[in-house]
Amino acid sequence: MLDIKLIREQPDIVKKNLKKRGDFKKLQMLDALTIHDVEWRRLLTLANERRHERRVITKQIANLKKAEKAAEKQIEKGRKLDVEISALEKQVKKHKQTANDILMRLPNLLHASVPIGRNENDNIAIRLWGKPPILDFSPRDHLEIAKNLNLIDEERGAKVAGHGFFYIKGYLVMLDLALQRFAIDFMIEKGYQLVEPPFMLRRKSYEGVTDLSDFENVMYKVEGEDLYMIATAEHPLAAMFMNEVLLKEALPIKLVGVSACFRKEVGSHGKYTKGLFRMHQFNKIEQFIFCHPDNSWDFHEELQQNAEELYQRLGLHHKVVVLCSGDTGTVQAKTYDINIWMADGTYREVGSNSNCTDYQARRLNIRFREKEGQAPKGFLHTINNTALATSRTMLAILEQYQQKDGSVLVPHALIKYMNGLKKLEPH
RNA sequence: GCCGGGAUGGCAGAGUGGAUAAUGCGCAGGCCUUGAGAGCCUGUGGCCUUUUGGCCGCAUGGGUUCAAAUCCCAUUCCCGGCGCCA
């Protein structure tokens, strides 16, 4: 959420940002917001004046009653005012609500370094690491490899839960756990605190962390309960300190979350949906930092370095991309993606690193104070990045480490987590 | 799930229907001091307002009443007891 004061005082900054994002629909919403905001303040002043009169009368009544005098006249006057006040309050509430609804939909201010562009085609590659594997045979895709090795049962997953669900079997489950342990050990060594968050969140917590359209397109709702399955550990980690004021010296708070993730994937038609790439349920290790506004951009780079180092240690060929203005999400100020090489020669996203600046923190009301006993100073910044999404990383391992005979080599860094197993073979 | 107790400012804690939410601690500023401390004074939730000022705020949402932190109902969370349970 943006600061309403910024919109009142410097609307040009907000307009320029919407233009940079290419979001002309929200440009109109901004004008509506200003109208409702002005009207809200006008009516609020009126209502406050009426309420003041009401308080004066209430005091008069109290005094009359104490003196054992008749107060009927004042009581009658008070009742009339009550009617006026509640009518005004209704109006006030309406305008406030409308203004707030729009405010919740306006996207975060982009960082100056975000390149201008329309969609993912305009994202800019900034680093390429490693080289595609040299294969002297025609490569198979991960689904074919996994099926041949008896590591995945797509049909039965679909039978019991529908398309996008799988039974993962044998060494592929081991590989999933190995990746989790590998990433967790790496992050702990870097000084991050390991957290397993709740896998469901209430609506109120969830509204603070994400684009509102995600409620239709991404999250599963639990029927009859005010609970949503998390789409990523980012969400419960961000909401963890909701309505709290943290001490500046306690910052930064560096977390590594481990969780299953659940996604509806509505509107994924036309996207790559094969096998492990786009599942309704997968496991992910997530990096998250709460920090002082002054140094969030440094930590954004730190998280990026962590993620790249993980893929490097796994020996997985990838490239790093900075998202252009049109492809950067509502909540994010700047995003790097890591795109990994797949056997069909395409690079596809395996992780996403975003500085949300104070946007999530303002919605979640997470502030900091300079010193114990002082008033809160401002909102802190939140940064989130994938460490490893195991599904997509396993996919990349299967495709990049595949051998002619259908077996798959285990990346060196994972062998110790696989009880010494060096190769996945049919058995 | 049932029964009981509770939720007040940054913190502790008073207030059981009527005035400014007392008091203490912390924090900020000032006086004093060579300096620090002690002591003293002032301030220290949010919103609207150029100012003066006003409104809201006692977990959240409703209700009763001329008037609610205070009474009633629902919800959330915390503590204790019972039950169920991996």
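Just so we're on the same page: letters track the sequence lines, and every chain starts at 1. What you see below is based on every heavy atom in this structure, not just the backbone, and it leaves out hydrogens, waters and symmetry mates.
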### Query
So, is the end of the A:R156 side chain (NZ or CZ) under 6.0 Å from the ring centre of A:F166 and within 45° of the ring's axis?
no
Do you know which two heavy atoms are closest between [X] and [Y], and how far apart they sit?
X      : Y      : result
A:I383 : A:L303 : CG2-CD1, 3.6 Å
A:R363 : A:E207 : NH1-O, 2.9 Å
A:A238 : A:V209 : CB-CG1, 3.5 Å

Check your understanding: What salt bridge (Lys or Arg N to Asp or Glu O under 4.0 Å) pairs are there with at least one residue in residues 85-97 of chain A, not counting sequence neighbours?
Key ->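 Listed by first then second residue: A:R51-A:E89.
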Practice item. Give the nucleotide from the list B:rC77, B:rG10, B:rU20 with an atom nearest to the side chain of A:E372. Key: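 Nucleotide nearest to A:E372's side chain: B:rG10.
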Letter by letter from the 5' end, nucleotides 48-73 of chain B scores (B base, S sugar-phosphate only, - none; protein heavy atoms under 4.0 Å) SS----BSS-----S---BS------
Take atom [atom1] of [X] and atom [atom2] of [N], then tell me their distance rounded to the nearest Å.
X      : N      : atom1 : atom2 : answer
A:Q74  : B:rG18 : CD    : C1'   : 15 Å
A:K377 : B:rG10 : NZ    : P     : 16 Å
A:K371 : B:rC25 : NZ    : C1'   : 15 Å
A:F368 : B:rG10 : CZ    : C1'   : 15 Å

message: I want to know whether A:H381 and A:F290 have ring centres closer than 6.0 Å.
response: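 A:H381 vs A:F290: aromatic centres not under 6.0 Å.
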Dot-bracket assigned to RNA chain B with the 3.5 Å Watson-Crick/G-U criterion, [ ] for crossing and | for other-strand pairs, is ((((((((.[[[..)..(....]]]((((((.......))))))((((....))))..[[[[[..)....]]]]])))))))....
